[in-house]
Amino acid sequence: MSKILLHICDYAAPYKGNFINSLQYLEKNGEVKNIYIFPNRAKNNSAYEWIKSLNDTETVAYIQEENWMKNLLLIKKIIEKHSVDYVFRHFYDIKIDLILKVLFRSKKIIRFFHCMYDNNSLNKIKHFSRKVIWKNNILVGVSKATSRTLKQAFNNFSVKTVENAIDFTRLNVVNASEKKNKISLMVMGYNIKVKGVDIALKVVDRLRKEYDLLLRIVAPSNEKHLVSFINDIYGGMPEWVELLPPTNNIATYYNNTDIFLSPSRTEAFGYAVVEAAYCKNSIVASDVEGQGELEINGVYWFKSEDIDDFSLKLELAIQQLHSSEKTSQKEKVFEDVQNLYSLERWKKEIIEIVQ
């Protein structure tokens, strides 16, 4: 009989992306059945369309109410109606966690950490309250580095590691588009500081005087802050910078990229680096924990926040871009990442937790 998993996800992105596709893969072969709850804000943005489409299939997806008491009743109804076996918590939402703590102590709660847990920078009261509310939960880190931070912060909790996986089928869908006659660089711009967009701008601005470079930044849904940040530095949008809207068809962007940049200051895992490797991009990335532990050959690693080292590694990537050795290496990496970061491997490890 299938295990019933309730995924409570504080997630309202404009597309399902790798996150939801991965959760859906859990249902392959019928070992588990997923039920979803998404945040109330999803009612008022583009997430509503793909959530609605989930319900057009055999999937059951709910959206939270605005009121805490109504949410309590909603979750109680869902757990009873669907005979939920496990509650999977994705991302923080203290109000929902309190509901689970008060009413559903007997339910097995598995809490996934998609970001590094930095206990040292947290308010001590906030961290202590989480230890109380999350007591007896199973904590799951999406990388070995994430799990290390969890073990340090919650030393008497059960902590497991299930490295993230990639839905590679998403990356086989490429729309026709024209590649510009420049060396195309791409960086994720969802958070300027975390993703190191400011560092990428400095390095590309330095090297563009010698190489014909185009820096393409994948912008968040609301790009005003990013545009303002760039305008404040350059007095407008430089001709060597291009903003790309968020998309579920990210493979088209990778397909038009020569070198993917990931100068992140912190990463729990580094989805984009694995995706870029599958799409046969050259990759220049910071050696921060989580990202720096990815098993991908040929990445040009640089010391985090070191502008000079970043510049040297990017210049080397540019010089070796079309070498036969680099081309052969990318072909090998394309095969390797599919084995290392497969959804089948990830699913197996998740199923082991709920057996």
Side-chain angles (χ1 to χ4, degrees), residues 4-27 32-57 59-82 84 86-104 107-117 122 126 129-130 133-134 137-142 146 164 167 188 190-191 194-195 219-225 245-248 268-269 271 350:
I4 308 300
L5 310 181
L6 173 61
H7 298 273
I8 306 180
C9 314
D10 189 24
Y11 181 82
Y15 43 77
K16 292 194 301 180
N18 192 79
F19 174 59
I20 299 299
N21 284 16
S22 298
L23 297 183
Q24 290 183 297
Y25 192 86
L26 286 173
E27 295 184 288
V32 304
K33 170 68 177 174
N34 291 333
I35 311 293
Y36 300 93
I37 307 178
F38 296 102
N40 182 262
R41 67 182 184 278
K43 289 182 178 179
N44 302 311
N45 65 22
S46 51
Y48 184 76
E49 291 304 317
W50 63 257
I51 292 173
K52 183 181 176 183
S53 73
L54 291 177
N55 282 314
D56 291 337
T57 62
T59 302
V60 179
Y62 296 86
I63 295 179
Q64 291 179 28
E65 303 289 347
E66 291 186 62
N67 180 278
W68 186 85
M69 183 57 69
K70 288 183 178 179
N71 272 330
L72 184 149
L73 296 174
L74 173 64
I75 295 175
K76 183 176 187 295
K77 170 189 167 184
I78 293 169
I79 288 181
E80 292 175 352
K81 178 179 178 180
H82 300 285
V84 170
Y86 289 86
V87 176
F88 278 30
R89 288 290 289 114
H90 301 277
F91 312 108
Y92 305 156
D93 183 346
I94 197 66
K95 292 180 181 179
I96 297 298
D97 289 344
L98 282 170
I99 290 174
L100 294 173
K101 182 67 176 179
V102 171
L103 290 183
F104 309 111
K107 291 297 172 187
K108 298 172 183 176
I109 300 174
I110 301 173
R111 189 171 300 278
F112 288 79
F113 288 79
H114 301 271
C115 299
M116 302 289 270
Y117 191 89
L122 274 179
K126 182 179 288 188
S129 66
R130 288 176 176 177
I133 295 169
W134 297 347
N137 290 188
I138 295 174
L139 310 184
V140 178
V142 300
T146 310
N164 274 332
D167 175 18
M188 297 300 178
Y190 305 126
N191 185 304
V194 171
K195 295 297 183 183
S221 298
N222 185 348
E223 64 179 35
K224 290 181 181 178
H225 179 57
T247 179
N248 194 40
F269 175 73
Y271 282 113
I350 296 293

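One is the number of the first residue; the rest follow in order along the sequence. Note that these values count all heavy atoms, side chains included, but never hydrogens, waters or copies made by symmetry.
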Go through the steps for F91 and F19 under the test ring-ring contact (aromatic ring centres under 6.0 Å, His included), then give the verdict. CA-CA 12 Å; F91 312 108; F19 174 59; 5.4 Å; yes
Walk me through it: do K108 and I138 pass the test side chain to side chain contact (heavy atoms under 4.5 Å, CB included)? CA-CA 8 Å; K108 298 172 183 176; I138 295 174; over 6 Å; no
Start with the C-alpha gap between N164 and F112, add the side-chain angles, then the distance that decides, and say whether side chain to side chain contact (heavy atoms under 4.5 Å, CB included) holds. CA-CA 11 Å; N164 274 332; F112 288 79; over 6 Å; no
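Between the side chain of D97 and the backbone N or O of I133, no donor-acceptor pair lies under 3.5 Å. Using a distance-only test at 3.5 Å, with no hydrogens or angles considered, no donor-acceptor pair links the side chain of D167 to the main chain of S22. No donor-acceptor distance shorter than 3.5 angstrom exists from the side chain of W50 to the backbone of G17, with no hydrogens or angles considered.
Salt bridge K70/E66: absent, no basic N to carboxylate O contact under 4.0 Å.
Classification of the H90-H114 ring pair by plane angle, with boundaries at 30° and 60°, yields tilted.
Atoms CG and NE2, from N191 and H225 in turn, are 7.5 Å apart once rounded to the nearest 0.5 Å. Interatomic distance, N21 CG to N18 CG, rounded to the nearest 0.5 Å: 6.5 Å. If you take CG on L5 and CG on L23, they are separated by 9.5 Å, rounding to the nearest 0.5 Å. Considering CD1 of I78 and CG of L73, their distance stands at 11.0 Å, rounded to 0.5 Å. Note that CG of D10 and CD1 of I37 are 12.0 Å apart. Values are rounded to the nearest 0.5 Å. For the atom pair N55 CG and Y36 OH, the distance stands at 11.0 Å (nearest 0.5 Å).
Contact of the I75 side chain with the Y62 side chain is not registered, since no non-hydrogen atoms from C-beta on lie closer than 4.5 Å. Contact annotation: the side chain of V32 never approaches that of Y86 to less than 4.5 Å [non-hydrogen atoms, C-beta and beyond]. A heavy-atom distance below 4.5 Å is found between the side chains of Q64 and D93. Taking the side chain as every heavy atom from C-beta outward, H7 and L26 approach each other to under 4.5 Å. In this structure the side chain of L6 never reaches within 4.5 angstrom of the side chain of H82, judged on heavy atoms.
Smallest separation of non-hydrogen atoms from A47 and A13: CB-O, 3.2 Å. In this structure, A268 and V142 approach most closely via the heavy-atom pair CB-CG2, 4.0 Å. Nearest heavy-atom pair, A42 versus I51, reported as atom, atom and distance to 0.1 Å: CB-CD1, 3.7 Å. Taking every heavy atom of both residues into account, P246 and A219 meet most closely at CD-O, 3.3 Å. Here the shortest heavy-atom pairing between N40 and I63 reads CA-CG2, 3.9 Å.
Under the side-chain hydrogen bond (donor to acceptor under 3.5 Å, both in side chains) criterion, Q24 pairs with K16, sequence neighbours left out. Every residue two or more places apart in sequence or in another chain was checked for a ring-ring contact (aromatic ring centres under 6.0 Å, His included) with Y15, and none qualifies. For Y271, the ring-ring contact (aromatic ring centres under 6.0 Å, His included) partners are F269, not counting sequence neighbours.
Both tests do not hold together for R130 against Y117: distance to the six-membered ring centre under 6.0 Å, angle to the ring axis within 45°.
Checking N67, I96, I99 one by one against L72, the side-chain contact (heavy atoms from CB on, under 4.5 Å) holds for a single residue, I99.
Heavy atoms of other residues, nucleotides or ligands lying less than 6.0 angstrom from OH of Y48 number 12 at most.
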